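A note on names: the letters A, B, ... follow the listed sequences, proteins ahead of strands, and every chain is numbered from 1. What you see is a predicted model, and the numbers here were worked out from it, not measured in a lab.
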Amino acid sequence: MNATIADLKNRFEDALVTAFGDEVAGIDPLLVPTSNPKFGDYQSNVAMALAKKLGKAPRAIADELVQTLDLSDLCEPLEIAGPGFINITLKTEYLQAQLAVMQRSDRLGVETAESPQRVIVDFSSPNIAKEMHVGHLRSTIIGDAIARVLEFQGQDVLRLNHVGDWGTQFGMLITYLQEVCPAALTTADALDLGDLVTFYKKAKQRFDDDPAFQEAARQQVVTLQSGDQKSDRAWKLLCNQSRREFQTIYDLLDICLTERGESFYNPYLQGVVDDLEQAGLLVEDQGAKCVFLDGFTNREGERLPLIIQKSDGGYNYATTDLAAIRYRIHTDGANRLIYVTDVGQANHFAQVFQVARRAGWILDGVEVVHVPFGLVQGEDGKRLKTRSGETVRLRDLLDEAIARARADLETRLKEEDRHESQAFIEHTSHIVGISAVKYADLSQNRTSNYIFSFDKMLALQGNTAPYMLYAYVRIQGISRKGQIDFGNLGADIKILLHEETEFALARHLLQLDELIGQVSQELMPNRLCQYLFELSQKFNQFYDRCPVLQAEEPTRTSRLVLCDLTARTLKLGLSLLGIQVLERM
RNA sequence: GGGUACUUAGCUCAGUGGAUAGAGCAACCGCCUUCUAAGCGGUCGGUCACAGGUUCGAGUCCUGUAGUACCCGCCA
């Protein structure tokens, strides 16, 4: 209905000028969806806004505007209500025609972007030599959903995995392994990843406690950075091992990423320093090269520096992020850079973006945006941990979700005396478990902290993945029972809306394109979740009130189309969240 | 100390400057001879943290206060 709104908006703008003169040219008619279905489909709030400017009562303005407007081809007669709201109800024939258009479209009436943007979505970004843990969950899931929505719009999306494959951590790890397990530095898979993680923790401990070790580790970083062959080989071995482990999780989650780690930008770091130097932004302070920031101060009120090159000559992550911005805009040609990381990095990104802007790297028309999300907390409201106090491995978390979904399914099969194949049970519990985790995360406003609960996300009722999967399954049930091929309902189908629940469902279906536009702008996947949940509710209400297969023609076919549109919308919407549907469950 | 975000029903959370602030869960009451009841309907539940301000209109914008979380110089 994007086109409908655009059309209404134009007609309102014209009518405003006709009624009140050029004084109101270009005024936004403030068309929004109504807050309550009893007010119709859309409302204009412009009369209240113009009251002061025109020196007239809002209702009088509304009245004049309504006299001027002719929307009889689209709408029922306009109504003025309350202080001066103009309520717009679309004609039933119009809704029916729009549904027919949607039905015929393989994109459900959602247009592709007119001029596709080059968009880079930077998400997931685990660290080499560490296991992916629950902290990576949100970035991975949210980033993937955002990328999918933009891809569906036809944007040219590059999904980048900015893995932590460089820096001090490797100095620590290599130095430590030289001492305790040199074989790991020369032989592939001499250690399994679990051991590597243990070694990493021990190395970190040494680094924090032992100044001599710290120095050796720093020196090792310099050696690595200078291109030393032995170090380079060890580094590559470690990276490969981690990479394979990450991939099993991405496969499990059905998520696709292009790896371009921090090390990728090594050749460009010196260029960052040179550029900043040339721009006159670089200041040497206590041996480190810094850019002093606007609007960031320490406790004495002095401007804070962003360290670009450390006193030992090394670079840190700010430098890498700056090099990445420069590369992504100037070499990749990106128009939009999206960083999906936890909100704790908000400061860091604000600082880096500021420096990039001042250095002139962010070209006109390029949007650089941090998409932050809150912490994953346990049911106690604290950072999610295992019972023993460790961070939760992502692998374990996903396995548990699947196991719980499976236990749940098997209980139900027993209760209902159903018999299903092993393959069915495996597949269903996998989809239900993974979807539940994804949906629980995505359905929350990403900026707030989120309380992780298996019980809630796997619940069969409420705003959960299983509820929506079930709505889809119900529709497939109709198709099986009636031997209906939704893809072949007939060429010239009439959709007829009579019942309240049919109207409510139809109106909701027609909002899909507006919603996708919004999500792609605001990058808030929870809005898509909300839409799909409401769609499922409205479908279930329709399903409850309106028999489909037993209905007389032409109602029967019309209802079948509503079912088909609902199923396709659910399938598409869920796919944009990275969630697959099931035919039966 | 500075910065940022948050505070909405018993719990978990939505909420785009517009009309009587909404869901889900929990509790209680109904509805399966029917396309899967994993569903639907209903009841109960609110000082939108507090105090000011802007506005025709504020949960939403601004200021202040309180509480909570996160970030703050060579880790990422």
Check every strand shown and say whether [X] touches a base, only sugar-phosphate, or nothing at a heavy-atom separation below 4.0 Å.
{"X": "A/C529", "value": "nothing"}
{"X": "A/D321", "value": "nothing"}
{"X": "A/Y543", "value": "base"}
{"X": "A/G344", "value": "sugar-phosphate"}
{"X": "A/D285", "value": "base"}
{"X": "A/R545", "value": "nothing"}
{"X": "A/R218", "value": "sugar-phosphate"}
{"X": "A/S448", "value": "sugar-phosphate"}
{"X": "A/E534", "value": "nothing"}
{"X": "A/A346", "value": "nothing"}
{"X": "A/I451", "value": "sugar-phosphate"}
{"X": "A/N347", "value": "base"}
{"X": "A/P466", "value": "nothing"}

If the glycosidic angle sits within 90 degrees of zero it is syn, else anti. Tell me which applies to B/C29.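 That one's anti.
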How far does the [atom1] atom of [N] sit from the matching atom of [M], given to the nearest Å?
{"N": "B/U54", "M": "B/C72", "atom1": "P", "result": "39 Å"}
{"N": "B/U16", "M": "B/A49", "atom1": "C1'", "result": "24 Å"}
{"N": "B/U34", "M": "B/G22", "atom1": "P", "result": "37 Å"}
{"N": "B/A51", "M": "B/G45", "atom1": "P", "result": "23 Å"}
{"N": "B/G17", "M": "B/C61", "atom1": "C1'", "result": "8 Å"}
{"N": "B/A27", "M": "B/U33", "atom1": "C1'", "result": "31 Å"}
{"N": "B/A5", "M": "B/U65", "atom1": "P", "result": "16 Å"}
{"N": "B/G18", "M": "B/C62", "atom1": "P", "result": "15 Å"}

Side chains of A/T501 and A/K538, heavy atoms from C-beta outward: is any pair under 4.5 Å? no
Going by heavy atoms in the side chains, are A/Y472 and A/T566 under 4.5 Å from each other? no
May I have the distance from [X] (atom [atom1]) to [N] (atom [atom2]), rounded to whole angstrom?
{"X": "A/R412", "N": "B/A37", "atom1": "CZ", "atom2": "P", "value": "13 Å"}
{"X": "A/K538", "N": "B/C40", "atom1": "NZ", "atom2": "P", "value": "12 Å"}
{"X": "A/F349", "N": "B/C72", "atom1": "CZ", "atom2": "P", "value": "14 Å"}
{"X": "A/F296", "N": "B/G2", "atom1": "CZ", "atom2": "C1'", "value": "12 Å"}
{"X": "A/H348", "N": "B/G73", "atom1": "NE2", "atom2": "C1'", "value": "14 Å"}
{"X": "A/Q345", "N": "B/C71", "atom1": "CD", "atom2": "P", "value": "10 Å"}
{"X": "A/N445", "N": "B/C13", "atom1": "CG", "atom2": "P", "value": "11 Å"}
{"X": "A/D544", "N": "B/G39", "atom1": "CG", "atom2": "P", "value": "12 Å"}

Between A/K571 and A/Q580, does the side-chain contact (heavy atoms from CB on, under 4.5 Å) criterion hold? Intermediate values first, please. CA-CA 7 Å; A/K571 185 173 185 174; A/Q580 293 173 39; over 6 Å; no
Specify the residue among A/Y467 and A/G295 whose closest nucleotide of RNA chain B lies further upstream toward the 5′ end. A/G295
If each of A/A288 and A/K481 is mapped to the nucleotide of RNA chain B with the nearest heavy atom, which maps nearer the 5' terminus, i.e. the 5' end? A/K481
Among A/F123, A/F264, A/Y339, A/Y265, whose ring pair (Phe, Tyr, Trp, His ring centres under 6.0 Å) with A/H162 holds? A/Y265
Could A/R303 and A/F296 be counted as a cation-pi pair, given that NZ or CZ must be under 6.0 Å from the ring centre and within 45° of the axis? no
If the plane angle is over 60° it's perpendicular, under 30° parallel, otherwise tilted; pick one for A/F539 and A/F542. tilted
Just say parallel, tilted or perpendicular for the rings of A/F170 and A/W235, cut-offs at 30° and 60°. perpendicular
Quick one: closest heavy-atom pair of [X] and [Y], and the distance?
{"X": "A/N316", "Y": "A/I307", "result": "OD1-O, 3.1 Å"}
{"X": "A/S435", "Y": "A/L469", "result": "OG-CD1, 4.0 Å"}
{"X": "A/H430", "Y": "A/I402", "result": "CD2-CD1, 3.8 Å"}

Closer than 4.0 Å, any side-chain N/O of [X] to the OP1 or OP2 of [N]?
{"X": "A/Q541", "N": "B/G41", "answer": "yes"}
{"X": "A/N449", "N": "B/U12", "answer": "no"}
{"X": "A/N526", "N": "B/A14", "answer": "no"}
{"X": "A/R474", "N": "B/A37", "answer": "yes"}

Nucleotide by nucleotide, 5' to 3', does protein get under 4.0 Å of the base (B), only the sugar-phosphate (S), or neither (-) in nucleotides 16-26 of chain B, counting heavy atoms? B-BBB--SSS-
Centroid-to-centroid, A/Y317 to A/Y315, below 6.0 Å? no
When you measure from the side chain of A/R446 to the backbone of A/P372, do you find a donor-acceptor pair of N or O atoms at a distance under 3.5 Å? yes
Output field dot_bracket for RNA chain B (Watson-Crick or G-U, both distances under 3.5 Å, | for other-strand pairs) contains (((((((..((((....[...)))).(((((.......))))).....(((((..]....))))))))))))....
Would you say the side-chain atoms of A/D41 and A/T89 include a donor-acceptor pair closer than 3.5 Å?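 Judged by distance alone, the side chains do not pair up.
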